[in-house]
Amino acid sequence: MHRIYDISVTVTAHMPVWPGDPPVELERVVKMEDGEDANVSRLRMSAHAGTHVDAPIHFVAGGSAIEELPIEALVGPAVVIGVPKEVGIIDVAVLQQAGLQPGVKRVLFKTRNSELWIRQQREFQEDFVAVAPDGAEWLVQHGVRLVGIDYLSVAPFTDPVPTHRILLQAGVVALEGIDLSHVEPGSYTLYCLPLKLGGSDGAPARAILVSDRE
Ligand SMILES: [Zn+2]
């Protein structure tokens with residue numbers, strides 16, 4: 001049996017969201033306890049809350065929307081890179097140290113951010129580990145098609161535009177808000193399926209890793 005790791009965070013009203021984005025509202029609006037035949041909930045949230053995928057149009061004018069992303073980029077072999085805890089930004093130097101094999105198409109960074117999910121930190125953390133613009137250039141040049149990060153943005157809080165633009169302009173998928181706290185660095189198969197929202201700049205996703213080891 002191959003082991004399956006759910007790297008998605010649970011969507012709740014208490015999850016941290018990007019400052020200025022609407023909070024998540026998940027509310028039961030039809031209730032059996034009120035004599036109705038079924039329970040029905042209503043969901044209101046940013047398309048960029050929790051585990052989610054960015055579409056190019058998020059930062060690139062005229063870019064493609066979430067339902068146009070090639071599913072081939074979202075599913076396939078992936079490598080989880082363990083980023084040392086003292087690293088605050090993933091730049092070229094960190095990537096050169098990471099020992100990424102040539103030809104790797106999907107890279108997920110396990111940083112100290114993942115501990116925030118274990119602690120169920122409700123407040124948004126501005127000092128999360130992200131990819132620097134030169135790191136993004138490096139990933140594009142090395143043919144990476146999907147970059148995953150274990151907090152809500154692939155780009156640093158203080159300067160979110162350049163990293164996003166470099167990746168999204170090159171057609172690299174950004175998978176954000178994954179929880180890698182229970183996943184060891186190594187090789188896996190990624191299945192990342194964002195909701196097929198028409199015209200959206202992002203979409204919540206269920207993402208899982210399947211271990212290559214028996
Ligand atoms: Zn996003």
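Both counts, for ligands and for their atoms, begin at 1 and track the order of listing. In this text the structure is predicted, and so the values were computed from the model without any measurement.
- Note: F157 and W18 have tilted aromatic rings, judged against thresholds of 30 and 60 degrees for the angle between ring planes.
- D54 has its closest N, O or S atom to the Zn ion (ligand 1) at the position named OD1.
- Side chains of H182 and D6: a donor-acceptor N/O pair is absent below 3.5 angstrom, by distance only.
- Ring geometry, W138 versus H142: the interplanar angle falls under 30°, so the pair is classed parallel (tilted spans 30 to 60°).
- Side-chain polar atoms of H164 and D54 form a donor-acceptor pair below 3.5 angstrom.
- For residue E176, an N/O/S atom approaches the Zn ion (ligand 1) to within less than 2.8 Å.
- Residue-level check: among N/O/S atoms of H48, ND1 sits closest to the Zn ion (ligand 1).
- Counting backbone and side-chain atoms alike, H164 contributes no N/O/S atom closer than 2.8 Å to the Zn ion (ligand 1).
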